[in-house]
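See below for the structure under consideration.
In each ligand, atom 1 is the first atom listed, and ligand 1 is the first ligand listed.
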Amino acid sequence: MAAAQGSSVVPSSAKVDFLKLQNGSDIRGVAVGGVEGEPVNLTEPVTEAIASAFAAWLLNKKKADGWRLTLGITTAGHDVLQFGLASTPAMFNSTLTEDEINHCPVDGAIMITASHLPYNRNGLKFFTSAGGLNKADIKDILERASRIYEDSSHGSTQELEQASKGEVSNVDYMSIYASDLVKAVRKSAGNKEKPLEGLHIVVDAGNGAGGFFVDKVLKPLGAITTGSQFLEPDGMFPNHIPNPEDKTAMKAITQAVADNKADLGIIFDTDVDRSAAVDSSGRELNRNRLIALMSAIVLEEHPGTTIVTDSVTSDGLTTFIENKLGRLVLCSICLSVAHLFYDKGGKHHRFKRGYKNVIDEAIRLNTIGEESHLAMETSGHGALKENHWLDDGAYLMVKLLNKLAAARILNPNVGSKVLTDLVEGLEEASVTVEIRLKIDQNHADLKGGSFRDYGEAVLKHLENAISKDEYLCKAPKNYEGVRVSGYGGWFLLRLSLHDPVLPLNIEAPSKDDAIKLGLAVLTAVSEFPALDITALNKFLQQ
Ligand SMILES: O=P(O)(O)OC[C@H]1O[C@H](O)[C@H](O)[C@@H](O)[C@@H]1O
């Protein structure tokens, strides 16, 4: 959230390697100095060049809060709507919203955010009505930005303001976006104005952009929100990292629910594309549990649909989706109540890590005739077909509020138990760990090759070792890394999406079983000296 401001540590004439700023399908860089070994590379002129490049890229496609970012676009001759503080999903939404008075839909949206990354880091995300950009688009924009940067005189803000050809208007887009969320909940409750009246919901925005949910969504729906915390944006994240996967963050919202005797807690990540909840008894509804809950809701609406998830989801989740979410139906031949039976639930398609991978896979399945309505990662990114496949943490929470609002029509005293009951029967492992094994890119054992090749070699070796182990069994269907079942649990070793790291996930019914799984990995990978196995050894010795 720290804006790329006052950060021209790199002289504007210096050569900038723009392609190094690419982080998959968005841009990440260092915007604030002061951290050892992390020189600023996302300066104001660099940001401005990227913004101009995005405008040029958009124009090329032509279907068509940083001030320097805006100038980058207006000097390229485009009009700019400044939304001020906004969430990532709202930015995408503005490319779809029909609102002539507020000049929407916009042709493209660009925002400054690096989600929950440390304060000195910042980034840029881009949207068109087709969704987030892909890797090739980002590369294209960065190459254009590099050329624009080299040709530009890097004028002062004042000079740029004078040269600017486009118009700038301020629009309170978050109010427009939030009013749609409010309408959705009211609709679920038979158009009742205040369907959450009397329900106490606390929000933890972690000093990110999610504070709007209190005043613009929950209060208009009648909810009591006292005890909500960390609603003021602060990129230094003074309270906790806004990340629903983070233990400290979940502890903070759980504590807030307990302290306020609230019915429900809601937590967002910094830019609100991820979320999680806590029920009134303090039970966390995040990771596999949140996917199970969303699957239960989506399968009620779309029986039999395919749920696409990332690769680190549990075996218990598969059983839950496929076997426990079936409906009680009549026999289609005799139509007799004497022949009631449960039909099969949904289909769990465990794909790769990475929210974009998961969403793109669900979209692909639909194009080849396999119906899918939910794509969700354990990180809390979740996207629904009905919401343009946008991963929107606020919309996920609205789906939970819809459920509560509908249940309260029948029983006005109903609380979050309605939600907890939906995940009843989800089997959960007692031990769940993620251990990240670093690859030393400068180690001689890489023999000048890439860390990816090295990681692949480790995985190949592990796969061979497993095939000789009678207690272990390779997952029949797997889309990344090596996933193995054994000792009542499973593990997955895979390459990180971005870093020179092999993350190892283990789930097991007991610590002993988890250790047996961990040892199987250790035995195979210790032949690779460039792989730092300290974290794994530490876990095994605990
Ligand atoms: O592969 P890893 O290093 O575990 O990172 C995986 C994560 O990368 C990014 O942060 C993506 O936005 C997430 O969707 C993904 O889960």
Expected contact list for ligand 1 at under 4.0 angstrom, heavy-atom basis, is Arg353, Gly354, Tyr355, Glu377, His381, Arg436, Arg494, Ser496, Leu497, His498

May I ask you to decide whether Glu245 forms a salt bridge with Arg287, counting only side-chain N to carboxylate O separations under 4.0 Å?
yes

Give me each pair satisfying side-chain hydrogen bond (donor to acceptor under 3.5 Å, both in side chains) with a member in residues 25-37, each pair once, sequence neighbours excluded.
Asn23-Asp26

Donor-acceptor pairs are to be reported for all side-chain atoms of residues 495-509 against protein atoms at under 3.5 Å, with residues two or more places apart or in another chain.
residue, atom, partner, partner atom, Å
Ser496, OG, His498, N, 3.1
Ser496, OG, Asp499, N, 2.9
Asn505, ND2, Glu434, OE1, 3.1

Suppose we screen for ring-ring contact (aromatic ring centres under 6.0 Å, His included). Which residues come up paired with His349, at least two apart in sequence or across chains?
Phe351, Tyr479

Does the distance from a Lys or Arg side-chain N to an Asp or Glu carboxylate O, for Arg283 and Glu428, drop under 4.0 Å?
yes

Assess, by modelled atom type and distance only, whether the side chains of Ser510 and Asp513 contain a donor and an acceptor separated by less than 3.5 Å.
yes

